[in-house]
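Encoded as structure tokens, the structure appears first; notes follow it.
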Amino acid sequence: MQFFRPLKLNTIKLTLVALVFLISAGMEDAYWNVPNADRTLLQRPNVLFIAVDDMNDWVGVLGDAQVITPNIDALADKGITFTNAHCAAPVCNPSRVALMSGLRPSTTGVYNNGDNMNDLIPDSVIMLPQYFRQNGYLVAGGGKLFHDVPTHNYREENFDEYFWWNKDGARGALLNGVWRSPYSVPPDPQPDPRPSNNITPITKRNFDWAALDGNELNWPDGQVVAWAEEFLAKDHKRPFFLGVGIFRPHVPWFNPSKYVEMYPLDKIEVPEVKQDDLDDIGEFGQRLALDKGSKHDKIMEFGEWEEAVQAYLASISFADASLGRVLEALDNSQYKDNTIIVFWSDHGYHLGEKQHWHKFTLWERSTRVPFIIVAPQVATAGSKSSRPVSLLDIYPTLVQLVGLPRNETLEGQDLMPLLKDPKAKWEYPAITTHQKGNHAIRTENWRYIRYQTGEEELYDHAHDPNEWNNLSMDPGYKVIID
């Protein structure tokens, strides 16, 4: 890399020397075809982009005392943690599409898991990995980055290479004429018989959990991480954008036994739930809370609450261990000191709060996510910011951090001011959308929700972090709502 810095290509001889060097170093032809590419590409930092699925704020660095997340916490010690970070949508597909496109669900029309990104978003919208690729980066991905519904949310031009853990079912498996995720079907480990729990037959096929024996490499995340380890051990001749999609703690919670054993059942603490919590919200909000896949009353009737929380915690620790392997591979590589790390979850998760399980709501439990950026020489190690930020902000921030030309189409905010000063003035709220016409606005101390019906909710997070008291009916808070 240093070879180029003193060169002034003003003679034919030096030009030929440089060309020979690039060719011998294995630079791909694509490098020469990238708009605006020049020698500075070779000095740009790498990006390690790590996603987890359905992980709420039950992580140590965000204050949870029950969970065991040493690797997430260690990562936070190296960078900045956004303690008030929120998804653009509390559903896998629209959340990931928003992050990758830099556009809100209300702009793209991608509101649900079944919405086809490629039908709704024109090719002129350049996705985050594609933008890096167009600007000369080697872009590789593996696991769940976009949503894994087949044909919907993958564009070949986004990646130079992609690792599909399930090569036979690559982007999905056809079961009884219905496309399913490539996860939670063979060869993904699962119990026999399945389902393993009483609640599963009356809710969703994947709302199930079990402790299993076997090598972690048999799990999808184990294979994706092994691929990432191999990638980081290789010699790459241009900066890379490496996306690693970890599936846990998404359901089903079929985990290696050792992670379940980390949480003795008699020590499990279930969330604090107010039994009449839905009484002060409108019909639409209640319908979201009591959707057909939730059934908190049945969880309690079957006595499976502690077991389900145990399984979720085990899944978080399994994901944390997978993260740790990737970070160890980076530390052992030549890229340790020149790589930006971004760690994020696509949305949160309810485990009984507001009588609800899963995501699919506009409350804090669904929208708040762990979000950490390690940016050497920019962000102070171990810092935290309580400013409200969105996963939409990742795209413009990464572009700024590595020095690429700005993408003027993006709707997120560049977080560079907060990276430099976590307490910097910040006038932007985090906005979350769930289906058309339903939005939540999160500021530093308030959450305001407005549904398509006109129903409203307002919560004062300074005094009501559990969102138990809907203040929207109180005329004294009209100014706040306005």
Side-chain angles (χ1 to χ4, degrees), residues 54 56 86-95 97-98 104-115 120 202-204 207 271-300 346-369 388 390-392 429-443 445-461 464-482:
D54 283 24
N56 64 18
H86 300 269
C87 59
V91 189
C92 295
N93 183 37
S95 173
V97 169
R104 302 186 185 282
S106 52
T107 299
T108 65
V110 177
Y111 292 108
N112 298 294
N113 277 342
D115 292 338
L120 294 169
I202 62 173
T203 55
K204 300 178 179 180
F207 191 29
E272 188 176 5
V273 172
K274 189 169 180 278
Q275 295 306 312
D276 62 351
D277 196 12
L278 301 181
D279 289 357
D280 61 353
I281 67 175
E283 180 181 349
F284 194 91
Q286 291 192 24
R287 191 160 73 244
L288 292 181
L290 303 174
D291 79 317
K292 62 182 180 181
S294 186
K295 302 272 191 291
H296 179 63
D297 58 335
K298 291 296 181 182
I299 286 277
M300 296 183 68
D346 57 354
H347 46 70
Y349 203 86
H350 286 253
L351 289 101
E353 303 93 339
K354 292 195 182 294
Q355 315 296 314
H356 184 73
W357 287 76
H358 315 300
K359 47 265 190 175
F360 313 118
T361 78
L362 288 171
W363 296 305
E364 186 88 349
R365 180 58 65 228
S366 268
T367 74
R368 190 184 186 210
V369 295
S390 169
L391 295 182
L392 275 176
I431 300 175
T432 303
T433 297
H434 180 44
Q435 301 176 353
K436 188 174 182 178
N438 308 303
H439 309 282
I441 296 177
R442 183 66 158 88
T443 64
N445 292 318
W446 299 92
R447 172 180 298 275
Y448 170 69
I449 300 173
R450 183 180 174 89
Y451 298 110
Q452 57 188 248
T453 59
E455 297 169 40
E456 297 173 306
E457 298 173 33
L458 179 70
Y459 300 101
D460 177 2
H461 269 262
D464 181 23
N466 292 312
E467 300 181 340
W468 284 342
N469 302 302
N470 177 14
L471 303 173
S472 66
M473 303 296 185
D474 187 331
Y477 292 94
K478 185 178 185 303
V479 172
I480 296 293
I481 290 177
D482 288 344

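These numbers come from the heavy atoms of this one structure, side chains and all, not from hydrogens, waters or symmetry mates. Note that the structure is predicted; figures quoted are calculated from it, not measured.
Between the side chain of Asp464 and the main chain of Asp460, no donor-acceptor pair closer than 3.5 Å is present. Using a distance-only test at 3.5 Å, with no hydrogens or angles considered, a donor-acceptor pair links the side chain of Asn470 to the main chain of Leu458.
Between Trp468 and Tyr459 there is no side-chain heavy-atom pair separated by less than 4.5 Å. Side-chain contact check for His434 versus His439: every heavy-atom pair is 4.5 Å or farther apart. Residues Asp54 and Cys92 meet the side-chain proximity criterion, which asks for heavy atoms closer than 4.5 Å. Counting heavy atoms from C-beta on, the side chains of Pro90 and Asp346 never come closer than 4.5 Å. The side-chain heavy atoms of Phe284 and Gln452, taken from C-beta on, include a pair separated by under 4.5 Å. Proximity of Thr203 to Ser294: side-chain heavy atoms (C-beta onward) are nowhere separated by under 4.5 Å. When side chains are defined from C-beta on, Trp363 counts as touching Ile281, because their heavy atoms get closer than 4.5 Å. Contact of the Gln435 side chain with the Asn112 side chain is registered, since non-hydrogen atoms from C-beta on lie closer than 4.5 Å.
For the residue pair Asn93 and Val110, the shortest heavy atom distance occurs at ND2-CG1, 3.7 Å. The nearest pair of heavy atoms linking Thr433 to Leu362 is C-CD2, 4.1 Å. Scanning both residues, Ala440 and Ile449, for their nearest heavy atoms gives CB-CG1, 3.9 Å. Contact between Ala89 and Ser95 at its shortest, heavy atoms only, is O-CB, 3.2 Å. Closest approach of Gln355 and Leu278 over heavy atoms only: CG-CD1, 3.8 Å. Nearest heavy-atom pair across His356 and Ala289 is ND1-O, 2.8 Å.
Taking CG of Asp280 as the reference point, atom CG of Leu471 lies at 8.5 Å (rounded to 0.5 Å). Between the OG1 atom of Thr432 and the NE2 atom of His347 there is a distance of 11.5 Å, given to the nearest 0.5 Å. Between the CD1 atom of Ile431 and the NE2 atom of His86 there is a distance of 12.0 Å, given to the nearest 0.5 Å. Taking CG of Leu288 as the reference point, atom NE2 of His358 lies at 13.5 Å (rounded to 0.5 Å).
Lys354 pairs with exactly one of Asp277, Asp276, Asp279 by the salt bridge (charged side-chain N to carboxylate O under 4.0 Å, His left out) rule, that one being Asp277.
Close placement of the Phe207 and Trp357 rings is indicated, their centers lying within 6.0 Å of each other. Remark: aromatic rings of His350 and Phe360 are distant, center separation not under 6.0 Å.
Using modelled atom types, one finds a donor on one side chain and an acceptor on the other under 3.5 Å when comparing Tyr448 with Glu456.
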**Chi angles and distances behind the side-chain contact (heavy atoms from CB on, under 4.5 Å) call for Ser366, Lys359** = CA-CA 5 Å; Ser366 268; Lys359 47 265 190 175; 3.9 Å; yes
**Item:** CA sep, side-chain torsions, deciding dist, call: Ser472, Ile481, side-chain contact (heavy atoms from CB on, under 4.5 Å)
**Value:** CA-CA 8 Å; Ser472 66; Ile481 290 177; 4.0 Å; yes
**Message:** Applying side-chain contact (heavy atoms from CB on, under 4.5 Å) to Tyr349 and Arg365, what does each step give before you reach the verdict?
**Reply:** CA-CA 6 Å; Tyr349 203 86; Arg365 180 58 65 228; 5.5 Å; no
**Request:** Any chance you could lay out the side-chain contact (heavy atoms from CB on, under 4.5 Å) test for Ile441 and Trp446, step after step, and finish with the verdict?
**Result:** CA-CA 8 Å; Ile441 296 177; Trp446 299 92; over 6 Å; no
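Salt bridge status for Glu364 with Arg442: present, with a side-chain N to carboxylate O gap under 4.0 Å. Using a 4.0 Å cut-off between a side-chain N of Lys or Arg and a carboxylate O of Asp or Glu, Arg447 and Glu467 qualify as a salt bridge.
Applying the salt bridge (charged side-chain N to carboxylate O under 4.0 Å, His left out) test to pairs two or more places apart or on separate chains, those with a residue in residues 472-482 are Lys478-Asp482.
Annotation: Lys436, atom NZ; neighbour count of heavy atoms from other residues, nucleotides and ligands within 6.0 Å does not exceed 12.
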